[in-house]
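Below: the structure, in C-alpha cells.
Note that this is a predicted model, so its numbers are computed, not measured.
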Amino acid sequence: MFLLRVWTFFCLSVNKCLFSFFQDANLSIHTDNPDLTPCFQNTILAWIPSIYLWTALPFYLLYLKRSKRGYIVLSMLSRFKTLFGVLLWCVSWADLFYSFHELLQSRTPPPVYFVTPLVIGITMLLATLLIQYERLRGVQSSGVLIIFWFLSVLCAVGPFRSKIVTTTAQRFRSATFYIYFVLLIIELILSCFKEKPPFFSPASADPNPSPELTSGFLSRLTFWWFTSFAIRGYKKPLEDKDLWSLNEDDVSKNIVQKLSREWDREKLAVINIFNSTKPEKSNHALNHVGDGPEEAEVLIRGKRHNRKPSFLKALLRTFGPYFLIGSFFKLIQDLLSFVNPQLLSVLISFIKNKDAPTWWGFLIAALMFTCTVLQTLIVHQHFQYCFVTGMRLRTGITGVIYRKSLVITNSAKRSSTVGEIVNLMSVDAQRFMDLVAFLNMLWSAPLQTCLALYFLWQALGPSVLAGVAVMVLLIPFNSAVAIKTRAFQVEQMQYKDSRIKLMNEILGGIKVLKLYAWEPSFSEKVLEIRKNELRVLKKSAYLNSLSNFAWTSSPFLVALTTFAVYVLVDERNTLDAEKAFVSLSLFNILKFPLAMLPQLISNIAQTSVSLKRIQQFLSHDELDPNCVERNVIAPGKEFGAVLHGAAAGGASSCFLHSINLLVPSGALVAVVGHVGCGKSSLLSALLGEMEKLEGEVAVKGSVAYVPQQAWIQNATLKDNILFGQAPNEQKYQNILEACALKADLEVLPGGDHTEIGEKGINLSGGQRQRVSLARAVFSSSDIYLLDDPLSAVDSHVAKHIFDQVIGPDGVLKGKTRVLVTHGIGFLPQVDHIVVLADGKISEMGSYQELLKQNKAFAEFLRNYALDENIEEDELTILESKRERFFPNGSVALTRQLSVISSEGGECPSKMSLYQPALDILQVKLTVFWQYMKAVSPVISLIICFLYCCQNAAAIGANVWLSDWTNEPVINGTQHNTSMRIGVYAALGLLQGFIVFVSSFTLAMGGINAARKLHAALLENKFHTPQSFYDTTPTGRVINRFSKDIFVIDEVIPPTILMFLGTFFVSLSTMIVIIASTPLFAVVIVPLAVLYFFVQRFYVATSRQLKRLESVSRSPIYSHFSETISGTSVIRAYQREKSFIDISDRKVDENQKCYYPSIVSNRWLGIRVEFVGNCIVLFAALFAVIGKSSLNAGLVGLSVSYALQVTLALNWMVRTTSDLETNIVAVERIKEYSETETEAPWIIEDKRPPADWPSRGELEFVNYSVRYRKGLDLVLKDLNLQVHGGEKIGIVGRTGAGKSSMTLCLFRILEAAKGEIRIDGVRISEIGLHDLRSRLTIIPQDPVLFSGTLRMNLDPFNKYSDEEVWKALELSHLKKFVSSQPSMLEFECSEGGENLSVGQRQLICLARALLRKTRILILDEATAAIDLETDDLIQMTIRTQFEDCTVLTIAHRLNTIMDYTRILVLDNGTIAEFDTPTNLIASRGIFYGMAKDAGLA
C-alpha cells in the first residue's frame, strides 16, 4: 500500500515538475542566467541516478553471480569507499529526519522532502553494499558504480549552482547538500582507482600476463592499459618477450575444444536425422516387393543428401554470443550518430537568432562534444568485440583443420594438394576474420538508411525521394562493378598461382636449369604469365577508378538531385543553411552504409565459398582406426603382422589384390619386386594408410616406420631422432653408432644440436635416411616397417647399417622387421622373402626355397648375383649434396648453415628488420623515392596535382552551397536558383571527373612500377650463381615473388590512393574552418602536436607488431605442410596429440602478436578521434563566440566539415602505417634484384664454333676451386688430360670432391686458379650458355617440371617429334609413353610426382640422348632404381655414347670396371689415375674399394 502511494506521488510530482519547468521557461531557458525550478531539482534530477542503479542492478547481480574471480582482501581503498557510502546514507537520512522534525514542529514540509531523501538514502545504502559484494566476487573496478557516481555528481551540479546563486532560508538542507555533494565527488574519485588483484583467482602463474585483466573500468574503456606497450614499442624494437600472454578465452586449446564439441554435435544431429528417416523408408521397401529395393535406397539417399552437417551452425553456437555484445554497442553507436546533425540544426538556428542567450551556444557545443566522445568510446568497444571474435574464429578454424588433416584418408588428401589444404588454413580462415569485423553492417546499414531518410524527410519533405532514387540506382552499378572486379580477381589469382607454382619449380630445379642452360625458355614462360596477370590488373584498374568515381560522387549527386528537386518543385521552397547542411551531414552518414553493403555482400559471397571448402574438407572420410587390428591375432600369438585375403586401394583403383601374408614375430622379411609393383603400398596397408576393401589386417604391438623418402622435421637433429621420446643418453649414443651417424655429427657444426632446415635441406639424402632409421630404432617398437632405407646410402654404409641394425645380428634382432629393398646382396641373410608383381604376391619363401623354385625371381638373381657378391648398394641419392655442403668437412660453411637454418636460412645481406625508429625515416624516404622512380617522377607529380584540383573543386562546391543558403529570401522565394544549381552541379561533377582521372593515373603508375620491379627481380634471379641458392632457402626467394610482388601489385597503389585522399580531406577541413573562424588557427598547433605524437607511437608499435605477426605466422603454415607430408609417420608413431599441441602453441604465438595489434588500432582510434572531437568542439565554440560576425551558411559549412574530419584523421594514421609497412616490399625486392650475378650467358665475340666440342678432349691445368670466398679449396691443383672418346670413372669417398669436378666443368663453380680446356678452348672465356648447352649431364636427382613430357625433354622445341620418340625408345620409355592417351603431351605433375623415381631417371637419360653432345657426365644416376632399369641405362650409355667422352661418378664399381681409366680422388687431389687393371694391380685406394665390393 505504502509503495503504491509513493508511486502515485512519484507520477504526479513528475508531471507537475515538468509542467512547472516548461511554464517557467523564462526562468530556465530564455534568460542569460538560467536556473532549474526547485521542484524539478528535487524530483526528476535527484532520482535519475537511483533509477539507473535500480534498473542495472538485477542484470549486474546475475553477471556477478556467474563470474568467479576469487575475493579481494579488505583494503584501505575499500574501507574508505564503504565509509563515504555510509556517510552519504547518513546525510540523506539526516534530511529525512529533519523533515520529520519539521512535521513535529507543525511546519508541514512538501511530501518531496520525505520521498527524495528516502529514495536517495536507500540507493546509497545499496551502492555501499554493492561495493562490498563486488569485493567478494573479485571485481577490481566497477563500471556500474563509476557510472552511478558520475551521474550522481552530474545531477547534483545544477542544484549546487542554484544553492550558491540563490539565498535560501533552509540552512540545514543547504549544509547537508554541500556535504552530500563533496562526498559524491570523493566517491567518484575513489571509484576510479582499482583494487588489488583477487586471491585464489584462476588466473595462472603467468610470467607476462596481460594488464587488460587487471585494468580498471576507465582504462578498459579508453584502452589506456595499452599505453605502456605503445611507448615501449616506440623506444625500442619489440621482441617476443615483450608480448603479453593471451587471455584464457583466446587460447587455442580452449577455443578449438569448444568448436570441435559443437561440430561433433552438429555431425551427430545429422546422423540422428538420417537414422530416424531410415526405418520408414525400409518398411516402405518391404511392402512394395515388386518395385525392388533400389527405389527405396534412392529415396533414403535423397533424404540423406538433403542435409549435410553445417559448419556455420557450429561457428554460430561457439562464437555467436560474444559477437552479439559487439552488436549491441553498434546499435547504440548508430543511434548516437544521428544526434549531431540535430544539434547542428539547433546550432545554426541559434546563430540566426541574434537574441538567443549565449549559454545556449556553449551548451550545444558541449553536447556535440559529449556526443562525439560517447560515439568514439562505444564504436571502439564494438570493434574490439568484433575483431576478437574474428581472431577466435581464425584460431578455431585453424585448429579444427589441423586436427582433421591428421586423420583424413590418403585418397581424400590426394583430392587436394598440400598447397590447397594450407590455403584453407591461411586464406579461407582469414576471410572469416575479415568478414566478422563488418558483419554487423548487415542490419546496421538498413537501420542507418531508414533513420537518415526519416530525418531527411522531415527537413526536405518528399523531394528526398529523388536523392534516394539516385542512391538506389547506384547500388546495382556498384554491385556490377564489385562482381566484375571479383571475376578479375579470380582470373588474376589463377595467373598468380600458376606463376608462383612455376617459380617454385624453377627455384627447386635451378641447378638443373643452369646445367642444361634452359633459363631463357623458363624466363619467357614466367614473363608470359606475368603479362597476362598485369593485363587483368589493368582491367580491374579501370573498374576501380569507376567505383572511386561513384563513391566520391554519390553523396554529391544525391545532395544535388535532392536540393534541385526541392527548390524547383515549389518556388516557395527556399534552401537555408539549416536545411542544406543538416541534410549534407545526414547524406554523409548515409554514404558509409551504402558503400559498405555491396562490398559486404560480395565478402559474404566469398566467405560462403570458403565455408563450403572448409566444410567439405572437414566432411572428408577419415582413416578407419580399426582397419588394422592392433591386439588380437588369431592363429596363436607368434605372428607380428597378418594380412589375410586383403585387398587395399585408393579412391578409385585397387593396388593390392588378395594378399595372404603372415609375418612371424621376430622375423626379418624382405619385400622385393620391380618399380611400382606395390611394395610401399604393402607397408601402407600394414600401417592402415590404405583403404581396406576386403579381408583383414592385424598388427601386434607398436609400429615404427621408415618411409622411402625420409621425413625430417624442421628441428634439431637430436629432436628428430628422439621424436618426443624421453632421452636416454646411453641408448641414444649406441643408436648413433649403429646408424653410422657419428661421423656426420663431427662434420655438423652444432653436432646433434644442429638445426635441420625445412625438409632436411642441410642434410644429404643418405644422412636424412639414416636419421629416419635412427628415429625408428630409438622408438623401441615391436614391429619395424622399413621402406627401402638402404637405397639412399653408400654401399659400405648400407652394409654397416644392415649388419648393425637390420640384419640377423643387428640392434633390432628379435623384433619383427619388414624390409622393402632393391639390394639383392642382403637377401641371403633374411628369414623370408616376399616377391610382389602387379600388386600380388608372385612367390614367397626363404632365399634357398626361391632359388629352388626356379621361377622369375631365381632367374633375376642369377643374372645379378654374378655381377656382385655383395650388393654395391645405391650411393646416396643426394650424397654429393653433402659434399656441396661439407667439402673436406669444411666447418666454416656448415657453421653458417646451422646459424641459418635456425631462422630458415641466412640472408645474403642482413635485412633491416631491427632498425631503430630513427633510422627508419631516411630508409623510408629512399625507398619511397625508388618506388616513385619506378612509377616515374612526372606521373607522381601529376597525381599530386590532380588531388589538389579535386579538393579545390570539392571546397568550391561547398562554399558555393553555403553562399547559396545565405541568399536573401524575397517574398518567400530565392532568386537565381537555376544558376545556383548549375554552378553547384558543375563543380561537383568536375570533382568526380578529376577523381576518376587521378585514380586511374595512379593505378597505371602502380602497374608500371610493378612490371619494372618484377622484371628486374626475375632477370637477376636467373643470373644469380648457384652458391646463392645453396645458402638461401627457396621459401625466402619465393616470398619475394609471391608476397612482395603481391604487395606491390595490389596493396601499395590503393594504400597510396587512400593516403592522398584522407590527407587532402583533412587539409581542406582545416582550410575551411580557419577561413570561416580564423580563431581556430590557435588550437591547430596543440592538436597537431597531439596527433603527431599519437601517430608516431602507433606507427612504430603497429609496424613492429605486424612484423612479429607475419614472422610468427609462417611457422604455423610450414609446420602444417610439414605435418601433412609426414602424417603417415606421425600416425605410425602415434604422435598426433603432441603435434596438435605444437600447432596450438604456434597459433597462440601468432595470436599473441595479433591481439596487441587489434588493441593498438582501438587505442589509436580513441586518441585520434579525440583530436577530431576537439576539432568539432572548437569549430562550434568559435562559431558561438564569433556569432555576431558570422552568417549561418559559414557556420554550417565549417561544423559539417569538422564532423567529417574524425574519420579522415583516423584513416590517415592507418594508411600512413600501412604504407610504411608495405613499402618495405619495394626495398626487399630491390635488394634481391641487386645480388651478384654469374658470368654473361653469351659473349658475342668469343662464341665457340658451331660443332664445338668436336673431339671431346678435356684438360685440367693446375685447377683449384672453392665453394665461396673464405672457404677452403675443394679441388687442389688438378692436372689431368682426357682424350676424346675415353670413358673415365671417377671414384672416391664422400667429400673427396667428385661432384665438384662436374660442377666445375659447367662453371657452376668458378676456378680459384688454373683453367679447364675443352678441345683447346678455355671454358672461362666463353659465355655460360655456349658452354653448358654443348655438354650433357645426367644429374643425380632426376628433376622434372610440371608441364608436358615433351616440354620436359625439349623446352626450346629444337627437335622434331621423330627425334623425341627415338630418344624415348632408346631410354626404354617408349612403351610407357605410347600407352598414355596423350602420348608426348602427357602432363607431368609438379616434380614429376606421377612418375616413379626410376622413370624420372630414364627421362633424364632421354634428355641426354636428345642433346647427344661429345661430352657426357653421369652423376650417380643409378640410385633408387631396380637393377634391371640400371642395366638398361648402362647398356644404352655404352651403345649410344660409344664415340663420346663419358665421365661417370660411380658408386657401384661393377659399372665402371670396363672403363678406359679410373680417376680416384682423395681430399680434393688426384690420388690415382690409370686403367682399372693397373689400379688393382698396384694395390692402392681403388684396390681397397674393389675388395670391399668383392670385385678383387
Side-chain angles (χ1 to χ4, degrees), residues 496 499 503 523 526-527 530-531 533-535 537-538 540-542 544-545 907-913 915 918-950 997-1024 1037 1039-1064 1099 1103 1212 1215-1237:
K496 186 177 150 204
R499 177 170 61 83
M503 276 317 300
S523 172
V526 177
L527 289 172
R530 179 72 178 155
K531 199 169 94 187
E533 196 182 350
L534 291 176
R535 196 191 70 239
L537 258 182
K538 195 177 244 178
S540 54
Y542 283 111
N544 282 335
S545 310
C907 213
S909 60
K910 281 283 177 228
M911 295 224 333
S912 52
L913 285 179
Q915 263 178 338
L918 298 172
D919 308 355
I920 273 171
L921 258 175
Q922 66 250 23
V923 173
K924 286 291 167 288
L925 291 176
T926 57
V927 178
F928 277 117
W929 174 236
Q930 280 174 342
Y931 186 71
M932 276 175 73
K933 276 198 298 199
V935 172
S936 116
V938 179
I939 292 182
S940 308
L941 284 172
I942 292 174
I943 291 168
C944 289
F945 173 70
L946 284 171
Y947 266 94
C948 292
C949 298
Q950 159 193 333
V997 174
S998 59
S999 60
F1000 185 69
T1001 316
L1002 194 121
M1004 286 301 103
I1007 290 174
N1008 202 14
R1011 178 186 294 112
K1012 283 183 193 164
L1013 291 166
H1014 176 267
L1017 177 66
L1018 187 71
E1019 171 79 0
N1020 178 280
K1021 281 298 134 274
F1022 272 126
H1023 282 278
T1024 303
V1037 185
N1039 220 350
R1040 298 292 178 277
F1041 279 101
S1042 55
K1043 180 88 193 311
D1044 293 335
I1045 288 287
F1046 163 75
V1047 167
I1048 286 174
D1049 284 352
E1050 295 179 57
V1051 180
I1052 293 181
T1055 313
I1056 292 179
L1057 187 91
M1058 188 84 165
F1059 172 74
L1060 290 172
T1062 50
F1063 173 73
F1064 280 106
V1099 169
R1103 195 177 46 244
M1212 191 160 86
T1215 46
T1216 313
S1217 167
D1218 286 351
L1219 203 53
E1220 286 192 20
T1221 309
N1222 289 321
I1223 202 78
V1224 176
V1226 176
E1227 184 184 10
R1228 288 159 53 122
I1229 283 183
K1230 220 49 187 156
E1231 178 191 35
Y1232 269 36
S1233 310
E1234 288 162 4
T1235 51
E1236 65 161 325
T1237 51

Problem set entry | Over all atoms of both residues, closest heavy-atom pair of Q950 and S998 | OE1-OG, 3.6 Å
Problem set entry | Residue pair S540 / N544, side-chain donor-acceptor N/O under 3.5 Å | no
For this session: In sequence, state the C-alpha distance, the side-chain angles, and the governing distance for T1216 and E1220, and then conclude on side chain to side chain contact (heavy atoms under 4.5 Å, CB included).
Result: CA-CA 6 Å; T1216 313; E1220 286 192 20; 4.0 Å; yes
Problem set entry | Atom of V1047, atom of P1053 and distance for their closest heavy-atom approach | O-CD, 4.4 Å
Problem set entry | Close side-chain approach of I939 and T1001, heavy atoms under 4.5 Å | yes
Seminar exercise, completed: Value for CD1 (I942) from CG (L1002), rounded to nearest 0.5 Å, stands at 12.0 Å
Exercise. For Y931 and A1009, which heavy atoms make the closest approach, and how far apart are they?
Worked result: CE1-CB, 3.9 Å
For this session: Please report the C-alpha distance between T1215 and F1063 in whole Å, then the side-chain angles of each, then the deciding distance to 0.1 Å, and finally whether the side chain to side chain contact (heavy atoms under 4.5 Å, CB included) criterion is met.
Result: CA-CA 10 Å; T1215 46; F1063 173 73; over 6 Å; no
For this session: Look only at the side chain of D1044 and the backbone of A1225, and say whether a donor-acceptor pair between them is shorter than 3.5 Å.
Result: no
Problem set entry | Close side-chain approach of T926 and E1227, heavy atoms under 4.5 Å | no
For this session: Would you please test N1008 and M1004 for side chain to side chain contact (heavy atoms under 4.5 Å, CB included) and show each step?
Result: CA-CA 6 Å; N1008 202 14; M1004 286 301 103; over 6 Å; no
Problem set entry | E1019 and T1237, any side-chain heavy atoms less than 4.5 Å apart | no
Exercise. Do you know which two heavy atoms are closest between S1233 and L1013, and how far apart they sit?
Worked result: OG-O, 4.4 Å
Exercise. Are the side chains of M503 and L1018 in touch, meaning some heavy atoms are under 4.5 Å apart?
Worked result: yes
For this session: Look up atom CZ in F1064 and atom SG in C944, then write down how far apart they are to the nearest 0.5 Å.
Result: 6.0 Å
Problem set entry | Test item: K531 and R1011 side chains (from C-beta on) under 4.5 Å apart, heavy atoms | no
Exercise. From K496 NZ over to R530 CZ, what is the distance, rounded to the nearest 0.5 angstrom?
Worked result: 10.0 Å
For this session: Measure the shortest side-chain to side-chain distance between V526 and F1041 over non-hydrogen atoms and say whether it is less than 4.5 angstrom.
Result: no
For this session: Side-chain contact test, heavy atoms from C-beta onward, threshold under 4.5 Å: evaluate it for H1014 versus I1229 and give yes or no.
Result: no
Exercise. Taking atom CD of E1231 and atom CZ of R1040, what is their separation to the nearest 0.5 Å?
Worked result: 6.0 Å
Seminar exercise, completed: For Y1232 and N1020, the nearest pair of non-hydrogen atoms, with its separation, is O-OD1, 3.0 Å
Exercise. Looking just at side-chain N and O atoms, do T1024 and K1021 make a donor-acceptor pair shorter than 3.5 Å?
Worked result: yes
Exercise. What distance do L941 atom CG and M932 atom CE have between them, rounded to the nearest 0.5 Å?
Worked result: 6.0 Å
For this session: Assess whether atom NZ of K1043 is packed by more than 12 heavy atoms of other residues, nucleotides or ligands within 6.0 Å.
Result: no
For this session: Could I get the full list of ring pair (Phe, Tyr, Trp, His ring centres under 6.0 Å) partners for F1046, not counting sequence neighbours?
Result: none
Problem set entry | Close side-chain approach of I1045 to R499, heavy-atom, < 4.5 Å | yes
For this session: Please round to the nearest 0.5 Å and tell me the distance separating atom CD1 of I1056 and atom CZ of F1059.
Result: 9.5 Å
